[in-house]
Amino acid sequence: MERKASVEAISRIHQLDTSVINKIAAGEVIERPASAVKELLDNSVDALATRIEVDIMNGGADLIRVVDNGEGIHPDDLLLAVSSHATSKITSADDLFSVKTMGFRGEALASISEVSRFRIRTRTADQSQGLEFEVNTGTASKPQPCGCPLGTAIEVRQLFANTPVRRKFLKTTKTEFGHISEQFTRAALAHPRLYMVLRHNNKVIFDLPPSDNLIDRLRLFYGKKLSDHLIWVESEVDDIRIWGYVSHPSENKSTRKGQYLFLNGRWIQDRTLQHALTEAYRGLLMVGRQPISFLYLDMPASMVDVNVHPTKSEVRFRDGQHLYRQLLSTLRSQFLSMDLQSQMSLGKKGDINPASITPPLTPQQQQSQMDLTSWAKDQLGQIAKDHPAVQISSAPRSISSTPDLAAPFTSKDAIPLSHFQHVAEQLHSSRGQSSPEQSALAEPADLIMPHIDRPEDQFAEAATVDLRPIQVLNCYIVVEIKGALTIIDQHALHERIMYEYFRKRVLAQSVEAQKLLVPLTIEMSAKETALILDHAEMLGSFGLGIEEFGGNTLLVTSYPVMLKKANLEQLVRDIADNLDNSKQPSRRDLLDDLITMMSCKAAIKAGQRLTQEEILSLLEQRHLIDDAHHCPHGRPSALVLSHAELDRQFGRMG
């Protein structure tokens with residue numbers, strides 16, 4: 001009887017109290033520290049601030065401080081600022097269809113103050129002193145006078161202090177700060193005329209002066225290499241203006257993470273416009289690659305509904321198809337007016353591709369590279385003393401001529417002269433860019449084929465002496481096996497072989513790594529840098545050594561021997577995209593994804609000519625792996641056409 005009464009009491013409808021309502025709202029709006037940063041930045045922009053400073057401690061879990069020089073909050077409105085659904089930005093429901101501000105719901109400060117130790121200091125221009133106001137996990141204190149400059153300073157300490165379950169779900173400090181950096185980046189790109197500063201653990205990450213030129217801010221975030229390959233686009237139809245930059249087809253990514261879209265100063269996501277961007281690049285990019293873009297839409301607020309998502313990241317356009325056509329037409333018209341084909345054409349081996357020229361280094365990077373080069377020269381000099389037969393001066397070029405090269409470094413013991421000549425050639429060629437004289441003597445790269453041990457009796461039938469394989473279209477291997485015609489995809493089969501080799505080596509923690517004489521520097525975005533550093537230990541198990549260099553620059557100190565022909569910079573960038581694209585993956589899934597990616601990078605490609613010995617080696621390994629029928633992506637590696645099927649096709653039946 002008591003149990004029945006209890007069930008009835010629970011099942012009755014009742015009004016939730018304000019604290020529970022705010023916690024629910026916080027769950028919708030404040031997903032992680034980056035969400036709080038985003039809301040506070042929006043408020044600062046709405047307050048007409050010209051300078052915004054953001055301080056973060058321990059990825060935002062301990063402290064988020066946002067200080068601006070905006071209009072401030074009127075003393076009589078201070079208590080309302082942390083109340084639910086209290087706002088100065090709209091007055092009626094009709095205003096929702098012409099929102100011109102970043103925020104308008106009146107939930108952000110109420111939600112944040114409900115789940116943190118919250119303090120706000122503010123002063124308006126007509127007040128001689130400011131006010132300080134504290135809210136401790138929903139419990140508000142009385143505002144107190146204080147001295148403070150014009151504007152507003154908000155501190156959020158111990159986010160999710162009264163919701164420990166939510167706090168446990170936070171990722172590592174580097175990961176959370178990576179998300180904060182992304183929110184800061186979006187605000188900085190949306191408003192380049194703002195002076196913006198970001199600090200983490202009292203270390204300045206970004207100090208961005210105001211600029212009237214968007215390209216200046218893009219250069220600060222993404223470096224000169226990408227900025228020099230951006231294409232300006234602009235069009236205006238009726239009251240809708242589309243403008244910004246898109247990347248040259250030579251600059252692309254494996255995901256859409258490099259595509260930024262801003263509507264009236266607000267970062268948004270829209271599948272229709274993303275599809276238009278993809279269509280504009282059709283035929284210019286390889287399948288699976290995505291362009292990079294920084295596009296801005298200016299239109300009357302009445303033509304778009306921004307009240308369709310709690311975080312305001314998705315909107316609804318009155319005429320989405322019109323925008324689709326305008327964006328597609330703008331991009332295609334710009335591309336047709338450019339000679340993209342000549343810029344993208346690949347030169348002969350040894351020619352320098354303008355798209356691959358390394359961007360100039362910053363003074364700090366130059367000094368570090370000079371120090372590394374001096375160290376390398378000392379090491380080589382010491383080796384020359386220990387091995388009199390080795391003459392460093394016999395190298396065709398001076399080693400110090402290119403301080404930014406990544407070349408392999410080996411032990412001092414028993415090093416032949418040919419190795420130093422090879423190192424010197426690599427040093428002079430600046431990461432593979434050789435002179436025409438050197439390229440004329442270069443030989444084609446051989447097939448990388450790992451040795452996979454198996455018991456003798458399991459591959460007795462793998463003998464290749466009776467096989468007469470041929471390569472067709474530089475892509476497929478045709479061979480007769482067991483009375484049937486077998487067509488093998490050389491890339492898919494080699495990719496499976498490399499996958500099984502990598503997987504066993506990683507599990508056994510025995511991946512062979514090659515150290516670099518001079519570490520390779522890679523400049524990435526703050527979020528990508530955080531993701532790579534957060535998984536540096538796991539990447540080390542692959543033989544890929546990653547270290548922090550400072551700012552948004554990484555050092556690649558070693559690489560797997562099996563990837564000696566891969567583009568290390570592109571590999572690291574693709575790994576960052578893969579990590580960013582994975583939503584809370586398990587370590588096992590992440591390992592498998594990375595092994596698959598690295599296997600694809602190491603495998604021979606379609607269009608590569610193989611010698612007869614390489615073809616036979618590939619076929620022999622086919623019998624030594626667990627699953628030779630599919631590549632790691634699930635594609636078939638071979639198709640079989642039986643003798644009977646051939647007879648039937650040629651009408652030889654009966």
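In this text, all values refer to a predicted model and were calculated from it rather than measured experimentally.
At a threshold of 4.5 Å between non-hydrogen side-chain atoms, the residues S293 and L277 count as touching. Residues L170 and P33 are in side-chain contact: their nearest non-hydrogen atoms beyond the backbone lie under 4.5 Å apart. The side-chain heavy atoms of L218 and L230, taken from C-beta on, include a pair separated by under 4.5 Å. Between Y281 and S247, some side-chain heavy-atom pair lies under the 4.5 Å cut-off. V37 places none of its side-chain heavy atoms less than 4.5 Å from the side chain of F184. Taking 4.5 Å as the limit, some side-chain heavy atom of N552 sits within range of a side-chain heavy atom of F206. When side chains are defined from C-beta on, R217 counts as touching L208, because their heavy atoms get closer than 4.5 Å. Side-chain contact between L618 and H494 is present, with heavy atoms from C-beta onward closer than 4.5 Å.
Distance check: I497 CD1 to S617 OG gives 7.5 Å after rounding to the nearest 0.5 Å. Residue Q490 holds its CD atom at 9.5 Å from OH of Y476, rounded to the nearest 0.5 Å. Rounding to the nearest 0.5 angstrom, the gap separating the NE2 atom in H535 from the OG1 atom in T172 is 7.5 Å. Summarising the geometry, atom CG belonging to D228 is positioned 9.5 Å from atom CD belonging to E251; distances are rounded to the nearest 0.5 Å. In this structure, I522 CD1 and L554 CG are separated by 6.5 Å, a value rounded to the nearest 0.5 Å. Note that CZ of R609 and CD1 of I604 are 12.0 Å apart. Values are rounded to the nearest 0.5 Å.
Not one N or O on the side chain of N58 forms a donor-acceptor pair closer than 3.5 Å with the backbone of A61. For the pair Q612 (side chain) and P469 (backbone), a donor-acceptor distance under 3.5 Å is present. T175 places no side-chain N or O within donor-acceptor distance of the main-chain N or O of K171, the cut-off being under 3.5 Å. No side-chain donor-acceptor contact under 3.5 Å links S637 to the backbone of A492. Of the possible donor and acceptor atoms, none in the side chain of Q290 sits under 3.5 Å from a partner among the backbone N and O of N252. Side chain of E528 to backbone of A576: no donor-acceptor contact under 3.5 angstrom is found. Judged by distance alone, the side chain of T553 and the main-chain N or O of F549 form no donor-acceptor pair under 3.5 Å. At least one donor-acceptor pair under 3.5 Å links the side chain of K605 to the backbone N or O of C600. Looking only at distances, a side-chain donor or acceptor of Q471 sits under 3.5 Å from a matching main-chain atom of L610.
Checked for salt-bridge contact, K225 and E569 meet the test: a charged N lies under 4.0 Å from a carboxylate O. Salt-bridge annotation for K224 and D216: absent, with no side-chain N of the basic residue lying under 4.0 Å from a carboxylate O of the acidic one. One finds a salt bridge joining R199 and D55 here, because a Lys/Arg side-chain nitrogen approaches an Asp/Glu carboxylate oxygen to under 4.0 Å. A salt bridge links R289 to D574: at least one charged side-chain nitrogen sits closer than 4.0 Å to a carboxylate oxygen. Using a 4.0 Å cut-off between charged side-chain N and carboxylate O, R573 and E523 make no salt bridge.
Closest heavy-atom contact between L220 and P209: CD1-CD, 4.4 Å. Closest approach of L189 to P192, counting heavy atoms only: O-CD, 3.6 Å. Smallest separation of non-hydrogen atoms from G59 and T173: N-CG2, 3.4 Å. The minimum heavy-atom distance linking I292 with G258 is given by the pair CG2-O, 3.2 Å. Between I532 and V572 the shortest heavy-atom distance is CD1-O, 3.9 Å. Scanning both residues, G543 and S558, for their nearest heavy atoms gives O-OG, 3.2 Å.
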> Step by step, would you call F177 with K174 a side chain to side chain contact (heavy atoms under 4.5 Å, CB included)?
Replying inline: CA-CA 5 Å; F177 182 71; K174 290 180 179 178; 5.9 Å; no
> Are I487 and V472 close enough, and set up right, to give a side chain to side chain contact (heavy atoms under 4.5 Å, CB included), and what steps lead you there?
Replying inline: CA-CA 10 Å; I487 305 174; V472 297; 5.8 Å; no
> After noting the C-alpha distance and the side-chain angles of W267 and L261, does the key distance pass the side chain to side chain contact (heavy atoms under 4.5 Å, CB included) rule?
Replying inline: CA-CA 6 Å; W267 177 84; L261 180 63; 5.9 Å; no
>> Walk me through whether S525 and F221 qualify under side chain to side chain contact (heavy atoms under 4.5 Å, CB included).
In response: CA-CA 6 Å; S525 69; F221 275 108; over 6 Å; no
> What's the verdict on salt bridge (Lys or Arg N to Asp or Glu O under 4.0 Å) for D577 and K253, showing C-alpha distance, side-chain angles and the deciding distance?
Replying inline: CA-CA 8 Å; D577 291 341; K253 298 173 73 71; 3.1 Å; yes
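Less than 6.0 angstrom separates the ring centroid of F294 from the ring centroid of Y260.
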